[in-house]
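The structure appears right after this line, and notes come after that.
Residue numbers run from 1 in the order of the sequence given. Ligands are counted one by one from 1 in listed order, and the atoms in each one are counted from 1 as well.
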Amino acid sequence: MKALITGATSGIGQSFAAKLSRKGWSLILTGRNEKRLKEMQQSLGGNIEVIAADLSKRDDVFRVYDFCKGKNVDMLINNAGYGLFGKFEDTDLEDEVNMINVNITALHILTKLFLRDFKKKDHGTILNVASAAGFMSGPLMAAYYASKNYVLRLSVAIYEELRRDRSNVKITVLCPGPVDTNFNNRAGVSFSVKPITADQAAEYALKKAFSGKLFAIPGLFVKFGTFGQRFLPQKLLAAIVYNIQNAKKTSDGKEKALK
Ligand SMILES: NC(=O)c1ccc[n+]([C@@H]2O[C@H](COP(=O)([O-])OP(=O)(O)OC[C@H]3O[C@@H](n4cnc5c(N)ncnc54)[C@H](OP(=O)(O)O)[C@@H]3O)[C@@H](O)[C@H]2O)c1
């Protein structure tokens, strides 16, 4: 069995790689950090191929797909992603558009291309990494939350199309709350609740994906939150999320959040 993992160089992606490698899977790992990819190739052993790519660049996304073509990939894990913290008017436009390119466009392109291949052989699994943020609007991380809403909605819609086709192709969407990775450093926030580990998130997601479940929402607290949010008016929910995000700010984000 073979999997392509995006964002494999760190955090949840690295845990996916370690877990699948231990199960004897062949892997194609990608991320921008070529040195880290080569280290992982050495340390994981087994059949590991790596390809450095910046998924904010469309050509690189197609290059990753072309690299995988004809290699009989069984599983696509769209994990690469990051967040940006700050009032929407303040966040850097270029950084934010790049984030949309990684979180949405790259995931969209790879999902479509692999889905077509998987449908042809009536076999394959797509595991899209969204977030609990995908269930709501996110003041102070507006574009990040919106990007994860896209991932969630896209995955649910594809699930229903596959179900109607009685397809053996499966899609799962991982929606974790806080996970202890490099994510918060990149986003410029600190967590206000205790995060789960990347290993816990990856283990749970793989279990759900292998049993053909649509949703993978690790942790009782997050499950309860994502269930409960549907009964709240959107404006009240946005006000609650603002307060949660505001409490997560780092000293760097403080001024931005309070402006
Ligand atoms: N940590 C959390 O609290 C949390 C919660 C919910 C959802 N998530 C989601 O989980 C996923 C994994 O994040 P993580 O928490 O494991 O964070 P992380 O440790 O920062 O890992 C992010 C991964 O994405 C890759 N990446 C970032 N920008 C990229 C680009 N332009 N091109 C290619 N790869 C890129 C990074 O690789 P390179 O640096 O090598 O490019 C890295 O491997 C993300 O989609 C995130 O939104 C995280």
Numbering as shown, the atoms of ligand 1 that approach Thr181 to under 4.0 Å (heavy-atom distance) = 1 (N), 14 (P), 15 (O), 16 (O), 17 (O), 19 (O)
Polar atom proximity, Asp54 to ligand 1 (N or O, under 3.5 Å) | yes
Could a heavy atom of Ala133 be found less than 4.0 Å from some atom of ligand 1?
-> no
Any Lys57 heavy atom less than 4.0 Å from ligand 1 = no
State whether the side chain of Asn184 and the backbone N or O of Asp180 hold a donor-acceptor pair below 3.5 Å, judged by distance alone.
-> no
Which one holds for Cys175 and ligand 1: side chain close, backbone close, both close, or neither close, with close meaning a heavy atom under 4.0 Å?
-> neither
Return yes if some donor-acceptor pair links the side-chain N/O of Glu49 with the main-chain N/O of Ile28 below 3.5 Å, else return no.
-> no
Region of Ala130 that comes within reach of ligand 1 [heavy atoms, distance under 4.0 Å] = backbone
Quick one: does Pro176 get an N or O within less than 3.5 Å of an N or O on ligand 1?
-> no
Taking atom 12 (C) of ligand 1 as the point of reference, which of Leu107, Ile77, Asn79 owns the nearest heavy atom?
-> Asn79
Before signing off on this row, confirm whether Val102 and ligand 1 have an N or O atom pair separated by under 3.5 Å.
-> no
Contact atoms of ligand 1, heavy-atom distance to Val129 under 4.0 Å | 9 (C), 10 (O), 11 (C)
Would you call Asp60-Arg63 a salt bridge at under 4.0 Å N-O?
-> yes
Side chain of Asn79, backbone of Val129: donor and acceptor closer than 3.5 Å?
-> no
Compute whether any side-chain donor of one residue and acceptor of the other, for Lys2 and Asn47, lie under 3.5 angstrom apart.
-> no
Closest protein heavy atom to atom 32 (N) of ligand 1, given as residue, atom name and distance to 0.1 Å = Leu55 N, 2.8 Å
Under-4.0 Å salt bridge between Arg164 and Glu161 = no
So CG of Leu84 and CE of Met141: to nearest 0.5 Å the spacing works out to 7.0 Å
Check ligand 1 against Gly177 and write out every atom of the ligand that is under 4.0 Å from a heavy-atom position of the residue.
-> 3 (O), 5 (C), 6 (C)
Could you walk me through whether Arg36 and Ser10 pass side chain to side chain contact (heavy atoms under 4.5 Å, CB included), step by step?
-> CA-CA 9 Å; Arg36 182 74 200 116; Ser10 154; over 6 Å; no
For ligand 1, note which part of Arg186 has a heavy atom under 4.0 Å away: side chain, backbone, both or neither.
-> neither
How are the rings of Phe114 and Tyr65 set relative to one another: parallel (under 30°), tilted (30 to 60°) or perpendicular (over 60°)?
-> perpendicular
Numbered in order shown, the ligand 1 atoms found under 4.0 Å of a heavy atom of Asn182 are 19 (O), 20 (O)
Establish, from distance only, whether the side-chain atoms of Gln245 and Tyr145 form a donor-acceptor pair under 3.5 Å.
-> yes
Asn33: numbered ligand 1 atoms lying under 4.0 Å from its heavy atoms = 40 (O)
Please report the C-alpha distance between Lys87 and Leu140 in whole Å, then the side-chain angles of each, then the deciding distance to 0.1 Å, and finally whether the side chain to side chain contact (heavy atoms under 4.5 Å, CB included) criterion is met.
-> CA-CA 5 Å; Lys87 279 166 71 177; Leu140 300 181; 3.7 Å; yes
Atom 16 (O) of ligand 1 [closest protein heavy-atom partner, distance rounded to 0.1 Å] = Ile12 N, 2.8 Å
for atom 39 (O) of ligand 1, nearest protein heavy atom and its distance come out as Arg32 NH2, 3.1 Å
Ala201 near ligand 1 by a heavy-atom separation under 4.0 Å | no
Check ligand 1 against Ala8 and write out every atom of the ligand that is under 4.0 Å from a heavy-atom position of the residue.
-> 43 (O)
Does Ser10, backbone or side chain, put an N or O under 3.5 Å from an N or O of ligand 1?
-> yes
Closest non-hydrogen protein atom to atom 3 (O) of ligand 1, residue and atom name please, with distance?
-> Val179 N, 2.8 Å
In ligand 1, the atoms that come under 4.0 Å of a heavy atom of Gly11 are 16 (O), 19 (O)
Min N/O separation Gly7 to ligand 1 under 3.5 Å = yes
Any chance you could lay out the salt bridge (charged side-chain N to carboxylate O under 4.0 Å, His left out) test for Glu160 and Arg163, step after step, and finish with the verdict?
-> CA-CA 5 Å; Glu160 181 58 15; Arg163 193 183 71 81; 2.9 Å; yes
Applying salt bridge (charged side-chain N to carboxylate O under 4.0 Å, His left out), run through Arg186 and Asp95 and close with a yes or a no.
-> CA-CA 11 Å; Arg186 177 70 179 87; Asp95 209 1; 3.1 Å; yes
Which of the ligand 1 atoms, numbered from 1, are nearer than 4.0 Å to a heavy atom of Ala53 = 32 (N), 33 (C)
Under 3.5 Å, is there a donor-acceptor pair between the side chain of Glu203 and the main chain of Gln200?
-> no
Give a yes or no on whether the backbone of Ile51 and the side-chain of Thr30 come within a donor-acceptor separation of less than 3.5 Å.
-> yes
Can you pull out the closest protein heavy atom to atom 8 (N) of ligand 1? Residue, atom name and distance to 0.1 Å, please.
-> Tyr144 OH, 3.7 Å
Protein contact of atom 34 (N) of ligand 1 - nearest heavy atom, named by residue and atom, plus distance | Ala80 CB, 3.9 Å
Is any N or O atom of Pro178, backbone or side chain, closer than 3.5 Å to an N or O atom of ligand 1?
-> no
Under the 3.5 angstrom rule, does the side chain of Asn128 hit a backbone N or O of Thr172 as a donor-acceptor pair?
-> no
In this structure, atom 36 (C) of ligand 1 is nearest to the protein heavy atom Thr9 OG1, 3.8 Å
Ranked by distance from atom 22 (C) of ligand 1, the top protein heavy atom is Gly81 O, 3.7 Å
Under 3.5 Å side-chain donor-acceptor pair for Ser147 and Asn103 = yes
